[in-house]
Participant: 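Please find one structure pasted underneath; my questions will follow.
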Amino acid sequence: MKFYLETYGCQMNVSDSELVSSILLSAGWEPASGIDEADLILFNTCSVRKHAEDRVLGRISNEKHRKQDNPALKIAVLGCMAQRMGKRLLEPGTGVDFVVGVDQYLELPALLNQDRGIEMDFDSQQIYPGLKPLHGDETCAFVTITRGCDNFCTYCIVPQVRGRERSVDFSQILTDVRDCGDKGLKDVTLLGQNVNSYRWGDYNFPRLLRELNKVESIYRLRFITSHPKDLSDELIDAMASCDKVCEHIHLPLQSGNNSVLKAMNRKYTVEDYLLLVKKLRAAIPDISITTDLIAGFPGESESDFEQTLQAMRDIQYDYAFCFKYSEREGTAAQGFPNQVPEEERLARLQKMIDLQREITLRKFSTQIGKTVEVYVESLSKKSDSQVSGKTRDYKIAVLSGSRSDIGTLKTTKVIKATAGTLICA
Ligand code: SAH
Ligand code: SF4
Ligand code: F3S
């Protein structure tokens, strides 16, 4: 029996899909080489914005016709939207046979022996102990260090669908990172909704970084996401002193206006954030900083929004993921007064994107002439004599090379830049 798994949403879902593949493989399932040969199609879904849900609902609806030719075919929905919508996904006409919440993947094989059904638990402490994720032929790996989130930003559905925050046992993380290195996945990203609050016995996040920095078989260590309210001096010190920890931080600002930040329950001010940026840049010269920003949060006035643009100009992010605010059922912000009209959200989003494109291009252009270290991940899509990978500061780079360079570090010179890629020698 063959399965085909499609993943939506953030890196946490990518990482969970590797767990799911591993669980299915141990239960005797085989990966299908394409959707056409699958006996089971799984969708690992995201709920963060309405658009993310609509996309996957559209995909399921597009694929359910396959059941006419193959009545034995089953469709399963996993992940955050499964957790949020639960039984509603099994209603007649959806085409869905199985619904499995984010903490119930171990029960998936048993569930698949039934005709249809649901596995869902809202207050599990699941961390999937001892489970080895199934990595494909990748060169980079994600290792989950915390699951869930306790921050309850007022716009965000994640704490509801992923449950309370818990940390993975240090020894399991160490084993996973070592295994990645041994298997040739030399660039490892530690994952959590807020990695800064990692806590396992005496281990906090800076200590975890220092310990993992000793793993000889990996070249690079990264992490996402850092919540600004928990970015300590101790962490900045650890980043600066660990040679494998890359010169990049993803530090979501969300808004450049203090009253919006307060209404978002972010627990820092723009001034706190700017101080962090200053400390990071002092401790780690040339650190690249990326962010997430939301346009059109309830109550955001034109001048509040202007402050977000100003923060972007002041901080000069290397890259920013810009989103327009999307109401999520059951979040605190859904009931806030002064919702910003949809067209206005869209117009503000566009302004952000345009501004960031200019800044990114400028930032990338300052790299021209510099020598950079690239970890080669794949052949370039455009040419056989070129390979592509990332610099330590998380910029995509294209350089001359061949298949044998994949998985190795190359030192090269930047000769050209676009707003997204460094073209190297
Ligand atoms: N834990 C991470 C990731 C959360 S989801 C963090 O705190 O950064 C990734 C991003 O999606 C968030 O940073 C936020 O910018 C955006 N986001 C979350 N909920 C949203 C919503 N309801 N509407 C628009 N953007 C949202
Ligand atoms: Fe959502 Fe905030 Fe948690 Fe990030 S920190 S997952 S934005 S609640
Ligand atoms: Fe990630 Fe989307 Fe879930 S962003 S945590 S997959 S809601």
Side-chain angles (χ1 to χ4, degrees), residues 10-16 19 80 83 102-103 105-106 121-133 141-153 156-180 188-215 218 220-242 244-246 248-252 254 264-268 272-273 275-276 279-280 283-284 292:
C10 66
Q11 290 87 350
M12 190 65 76
N13 262 13
V14 174
S15 171
D16 279 1
L19 291 180
C80 297
Q83 195 79 46
V102 295
D103 294 325
Y105 297 143
L106 293 172
D121 179 358
F122 274 101
D123 54 6
S124 166
Q125 287 297 302
Q126 185 59 270
I127 53 162
Y128 295 109
L131 196 63
K132 297 265 170 245
F142 295 121
V143 171
T144 298
I145 66 162
T146 70
R147 297 182 70 86
C149 182
D150 286 348
N151 290 309
F152 291 94
C153 303
C156 186
I157 194 80
V158 172
Q160 282 176 50
V161 292
R162 290 228 160 230
R164 297 292 56 74
E165 183 183 277
R166 59 269 187 194
S167 295
V168 177
D169 189 328
F170 167 71
S171 59
Q172 181 174 338
I173 298 172
L174 181 63
T175 310
D176 284 355
V177 171
R178 277 194 185 129
D179 282 358
C180 289
V188 174
T189 302
L190 307 176
L191 291 185
Q193 298 303 338
N194 176 16
V195 289
N196 299 358
S197 57
Y198 177 81
R199 174 59 75 172
W200 181 264
D202 293 339
Y203 285 85
N204 63 3
F205 186 56
R207 181 160 177 216
L208 178 72
L209 282 184
R210 288 183 192 277
E211 293 298 326
L212 297 178
N213 194 57
K214 297 176 194 158
V215 176
I218 60 163
R220 294 173 170 186
L221 205 48
R222 309 178 178 280
F223 51 87
I224 40 175
T225 298
S226 276
H227 195 307
K229 77 177 169 63
D230 299 312
L231 180 60
S232 63
D233 291 349
E234 190 191 354
L235 174 54
I236 297 176
D237 275 356
M239 290 176 70
S241 58
C242 294
K244 295 191 179 178
V245 175
C246 291
H248 167 235
I249 190 162
H250 186 63
L251 197 63
Q254 312 297 2
M264 288 176 162
N265 190 31
R266 290 290 289 178
K267 300 193 173 86
Y268 54 83
D272 297 334
Y273 187 100
L275 183 62
L276 290 175
K279 284 188 195 170
L280 283 162
I284 307 154
D292 292 345

Participant: To the nearest 0.5 Å, tell me how far L190 CG sits from L221 CG.
Facilitator: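 Rounded to the nearest 0.5 Å, the CG-CG separation comes to 5.0 Å.
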Participant: Quick check: closest heavy atoms across I127 and S167, and the distance to 0.1 Å?
Facilitator: CG2-O, 4.1 Å
Participant: Give the intermediate values and the outcome of salt bridge (Lys or Arg N to Asp or Glu O under 4.0 Å) for residues R266 and D272.
Facilitator: CA-CA 11 Å; R266 290 290 289 178; D272 297 334; over 6 Å; no
Participant: Examine distances only and state if a side-chain atom of R162 and a backbone atom of R147 form a donor-acceptor pair shorter than 3.5 Å.
Facilitator: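 No; judged by distance alone, with no hydrogens or angles, the pair does not exist.
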Participant: Mind checking the OG1-CG spacing from T144 to D176? Nearest 0.5 Å is all I need.
Facilitator: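 Those atoms lie 8.5 Å apart.
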Participant: Does the plane of the ring in Y273 sit parallel, tilted or perpendicular to the ring in Y268? Use 30° and 60° as the thresholds.
Facilitator: tilted
Participant: Verify whether one side chain among E234 and N204 offers a donor that lies under 3.5 Å from an acceptor in the other.
Facilitator: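 Their side chains do contain a donor-acceptor pair, which is all the 3.5 Å distance test asks for.
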Participant: Nearest 0.5 Å please: distance from the SG atom of C153 over to the CD atom of Q193.
Facilitator: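 If I round to the nearest 0.5 Å, the distance is 10.0 Å.
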Participant: Taking C-beta and beyond as the side chain, do V143 and L212 meet within less than 4.5 Å on heavy atoms?
Facilitator: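 No, side chains not in contact.
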Participant: Using only atom types and a distance under 3.5 Å, with no angle test, would you say the side chain of T189 pairs donor to acceptor with the backbone of R222?
Facilitator: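 No; zero donor-acceptor contacts below 3.5 Å.
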Participant: Could you tell me whether the side chain of K279 reaches within less than 4.5 Å of the side chain of D233, counting heavy atoms only?
Facilitator: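 Yes, side chains in contact.
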Participant: Report yes if some heavy atom in the side chain of R164 is under 4.5 Å from a heavy atom in the side chain of P159; otherwise report no.
Facilitator: yes
Participant: Measure the CG-CH2 distance between D169 and W200 for me, rounded to the nearest 0.5 Å.
Facilitator: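 Atom-to-atom, D169:CG and W200:CH2 are 4.5 Å apart.
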Participant: What orientation do F223 and F205 show, parallel under 30°, tilted 30 to 60°, or perpendicular over 60°?
Facilitator: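 If you compare the ring of F223 with that of F205, the planes turn out perpendicular.
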Participant: For the CD1 atom of I249 and the OG atom of S226, what is their distance to the nearest 0.5 Å?
Facilitator: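 With rounding to 0.5 Å, CD1 (I249) is 4.0 Å from OG (S226).
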Participant: Within the structure provided, determine whether V102 and V161 are in side-chain contact (heavy-atom separation under 4.5 Å).
Facilitator: no
Participant: To the nearest 0.5 angstrom, please state how far the NZ atom of K229 sits from the OG atom of S197.
Facilitator: 6.0 Å
